[in-house]
Amino acid sequence: MEASRRSAVKPVIVLKPSKRVPLVEDTTGKASDALPLPLYLTNAVFFTLFFSVVYFLLSRWREKIRASIPLHAVTFAEIVAVFALVASLIYLLGFFGIDFVQSLVTRPSGDVWSGEDDEEGNEVLLREEDARTVPCGQALDCSVPSLPHMVRNVTAQRLFDEKPVRVTTEEDARKVSCGQAVDCSLRSLPPRPPIVTSQKLFHEKTVIVTTEEDEEIIKSVVAGTLPSYSLESKLGDCKRAAAIRREALQRLTGRSLSGLPLDGFDYESILGQCCEMPVGYVQIPVGIAGPLLLNGREYSVPMATTEGCLVASTNRGCKAIHLSGGATSILLKDGMTRAPVVRFSTAKRAAELKFYLEDPENFDTLAVVFNRSSRFGRLQSIKCAIAGKNLYLRFTCSTGDAMGMNMVSKGVQNVLDFLQTDFPDMDVIGISGWITEIYGFVLDEGNFCSDKKPAAVNWIEGRGKSVVCEAIIEGDVVRKVLKTSVESLVELNMLKNLTGSAMAGALGGFNAHASNIVTAIYIATGQDPAQNVESSHCITMMEAVNDGKDLHISVTMPSVEVGTVGGGTQLASQSACLNLLGVKGASKEVAGANSRMLATIVAGAVLAGELSLMSALAAGQLVKSHMKYNRSSKDMSNLSS
């Protein structure tokens, strides 16, 4: 093991020091440069001097102010005090690491490390050292000083380009001190090496992140002269921009990102649409639940999650559904919504617009104006709500295989432009999804959609896809696979999902854990994870059928918001998960067929998850299973550090 580790470390060619510099200096009892006293006594003297002088000067200046004496009229004692203040301040700043102040007072000795200008002197010194009769490695001092615990930057060896190379481990320090990494030959000097940033991914090899040119860019980002967000446009290389931004962030914060991977991701695919200013990507494991037998077809459901037992529990529910003949999922409605708010000078004018928009005779005209925005977007309805002289307009339209919020926003913009002709006194205050300025007002969010927020309007009217999914689970399957009884499940569902949620004042939360399954599938398939808020609206119903022998279970989800094109669905990993379900991209047969099928699959997976979790609760298995499968016995502290 030790031999393989040594062979993996490349030798570092360093310039010869003209005198030895220890890795860690022992400053105990050493005299300081300022006074012929031990260092701790010198520090105490300057600390005392600094605070004493500050107190003296403040007291004197306060007396002068009270006596109306000009501050510039100083005595000899005050002059001495000012000089003492400046001297003590310079010493303290220099001692505690303010490099630029320290460099103004004392220049570092030029004979400690030789640069390129002293190349002749170094060669003479090298010839004298090579005259020794012992091998190169034996002539060096191999003693290893004690290193403090978790010291990362032990020493900074000067290379030919005057850039520091960090020795990060005790083993590396030992190799340098023992001459294993020193090339003592007189061959020609190698070209300047690139600047290496040590990025360890657990036990992976060191990754070379930056070059000399990148180093200058990193310094500009750290100094604030180059905005981090402009790296992609200036460099034309998204991965290089991410690497530079990452290194600049580490230097600014002093925190390591070694556990966050950088390689293995297509940063071009997220430019301008998925994520800004990337520095890496988060790894989330993807598990498979299934096969889920739904509408006569089998689906392997991908779930991206870090919660133990979730995939296993959903998989057990899929097994119970499969053994009972499968589940049936029905799409009830498909329409994405947007809701601008407009304001009038009086409530009467707001009511007039409401009547105009809700008049069936005007709908066709408005639909033609709306549908100009897209070949897939088709206006379905407009519902209005008045609050004083403010009118909230909730547009609903089909969006094909896209989730469709931007598509609806374009159509709404067209309608507002059209209405402005007949209602010139209408002030447009907000429209969901657009951040633009029109008619002197900022278009933002009407909040009557309602997007990414729990709202009764979504629970009642629906948003996106409204789906219901049902299955009849045979009594034998309930007992043998789910380890419980039909009667126990029906009673628990009534007490927990219905009565318990009502007692809590739940809004759309009449279920056990629908959001668990929804979020896991959303992350795996490139949906917007924040939309799990309304997409998880679900009511779970259970009742005994066939003379109490079997269980009828159903989930009703009025606002499942999914798409198979646009956004994160086109990323490689998410696209692969969509392909696994057979719903990748836009449907070539019927517009919107893939997104509607994905919504039914989500409902079917929620049905399986609800069935399994409720069974575990009824049988008293929940805590036991989580203690067994959701508790890691591996010590992750070393990996995380």
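Screening Val490, Asn493, Leu482 against Met614 for a side chain to side chain contact (heavy atoms under 4.5 Å, CB included) leaves a single residue, Asn493. None of Val412, Val415, Asn414 except one satisfies the side chain to side chain contact (heavy atoms under 4.5 Å, CB included) rule with Ser373; the exception is Asn414.
A 6.0 Å sphere centred on CD of Glu358 holds more than 12 heavy atoms belonging to other residues, nucleotides or ligands. Counting heavy-atom neighbours within 6.0 Å of Asp359 CG, excluding the residue itself, gives a total above 12.
A 4.5 Å side-chain heavy-atom check between Glu543 and Met494 finds every atom pair outside the cut-off. Residues Arg246 and Leu260 meet the side-chain proximity criterion, which asks for heavy atoms closer than 4.5 Å. Within the 4.5 Å cutoff, the side chain of Arg349 has no heavy atoms near those of the Lys389 side chain. No side-chain heavy atom of Thr600 sits under 4.5 Å from any side-chain heavy atom of Cys469. When side chains are defined from C-beta on, Leu489 counts as touching Ser615, because their heavy atoms get closer than 4.5 Å. Within the 4.5 Å cutoff, side-chain heavy atoms of Gln250 are placed close to those of Ser256. Contact of the Val467 side chain with the Val555 side chain is not registered, since no non-hydrogen atoms from C-beta on lie closer than 4.5 Å. Between Tyr281 and Ile270, the closest side-chain pair of non-hydrogen atoms is not below 4.5 Å.
The aromatic rings of His537 and Trp459 lie perpendicular to each other, with more than 60° between the two planes, well past the 30° mark. Ring pair Tyr392/Phe448 is perpendicular by interplanar angle, where above 60° counts as perpendicular and below 30° as parallel.
Without hydrogens or angle criteria, Ser587 side chain to Ala593 main chain gives no donor-acceptor distance under 3.5 Å. Formation of a donor-acceptor pair under 3.5 Å by the Ser488 side chain with backbone atoms of Thr484 is not found in this model. Between the side chain of Thr337 and the backbone N or O of Cys449, at least one donor-acceptor pair lies under 3.5 Å. No side-chain donor-acceptor contact under 3.5 Å links Glu232 to the backbone of Leu271. With hydrogens and angles disregarded, a donor-acceptor distance shorter than 3.5 Å links the side chain of Asn532 to the backbone of Pro529. Judged by distance alone, the side chain of Ser269 and the main-chain N or O of Asp266 form a donor-acceptor pair under 3.5 Å. Between the Ser398 side chain and the Gly400 main chain, no donor and acceptor come within less than 3.5 Å of each other. Remark: the backbone N or O of Gly335 is not paired with any side-chain donor or acceptor of Arg463 at under 3.5 angstrom. Side-chain atoms of Ser536 never come within 3.5 Å of backbone atoms of Val533 as a donor-acceptor pair (strictly under, hydrogens ignored). Here the side chain of Ser612 pairs no donor or acceptor atom with the backbone of Arg316 at under 3.5 angstrom.
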Step by step, would you call Thr314 with Val301 a side-chain contact (heavy atoms from CB on, under 4.5 Å)?
CA-CA 9 Å; Thr314 308; Val301 183; over 6 Å; no

Test side-chain contact (heavy atoms from CB on, under 4.5 Å) on Phe376 and Val565; report intermediate values, then the result.
CA-CA 12 Å; Phe376 296 109; Val565 297; over 6 Å; no

Would Val342 and Asp427 count as a side-chain contact (heavy atoms from CB on, under 4.5 Å) if you check the C-alpha gap in whole Å, the side-chain angles of each, and the deciding distance to 0.1 Å?
CA-CA 5 Å; Val342 297; Asp427 293 337; over 6 Å; no

Go through it in stages, so that I can follow the logic: the residues are Glu276 and Tyr229, the test is side-chain contact (heavy atoms from CB on, under 4.5 Å), and I'd like the CA-CA distance, side-chain angles, deciding distance and then a yes or no.
CA-CA 7 Å; Glu276 298 76 33; Tyr229 61 80; over 6 Å; no

Go through it in stages, so that I can follow the logic: the residues are Glu561 and Lys465, the test is salt bridge (charged side-chain N to carboxylate O under 4.0 Å, His left out), and I'd like the CA-CA distance, side-chain angles, deciding distance and then a yes or no.
CA-CA 6 Å; Glu561 300 165 346; Lys465 278 74 173 170; over 6 Å; no

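Here Lys239 pairs with Asp263 in a salt bridge; the nearest charged N to carboxylate O distance falls below 4.0 Å. Classification of Lys453 and Glu534 as a salt-bridged pair fails, no side-chain N sitting under 4.0 Å from a carboxylate O. Contact check on Lys452 versus Asp528 returns a salt bridge, with a Lys/Arg side-chain nitrogen under 4.0 Å from an Asp/Glu carboxylate oxygen.
Summarising the geometry, atom CZ belonging to Arg372 is positioned 8.0 Å from atom CZ belonging to Phe418; distances are rounded to the nearest 0.5 Å. One finds the CG atom of Asn511 at 12.5 Å from the CE atom of Met541 (value rounded to the nearest 0.5 Å). The OG1 atom of Thr306 lies 13.0 Å from the CD atom of Gln283; values are rounded to the nearest 0.5 Å. Between the CG atom in Leu613 and the NE2 atom in His513 there is a gap of 4.5 Å [rounded to 0.5 Å]. In this structure, Ser535 OG and Ile521 CD1 are separated by 11.0 Å, a value rounded to the nearest 0.5 Å. Atom OG of residue Ser374 and atom CG of residue Asn406 lie 11.0 Å apart, to the nearest 0.5 angstrom.
Of all heavy-atom pairs spanning Leu492 and Ala618, the tightest one is CD2-N, 3.6 Å. Minimum interatomic distance between Val606 and Cys538 (heavy atoms only, all atoms of both residues): CG1-SG, 4.2 Å. Scanning all heavy atoms of the two residues, the minimum distance from Thr525 to Cys577 falls at CG2-CB, 4.3 Å. Nearest heavy atoms, Ser595 versus Asp401: N-OD1, 2.9 Å. Taking both residues in full, the closest heavy atoms of Ala242 and Leu262 are given as CB-CD1, 4.0 Å, listed atom of the first, atom of the second, then distance. Closest approach of Asp550 to Ile472, counting heavy atoms only: CB-CG2, 4.0 Å.
Between the side chains of Gln527 and Gln574, not a single donor N or O lies within less than 3.5 Å of an accepting N or O.
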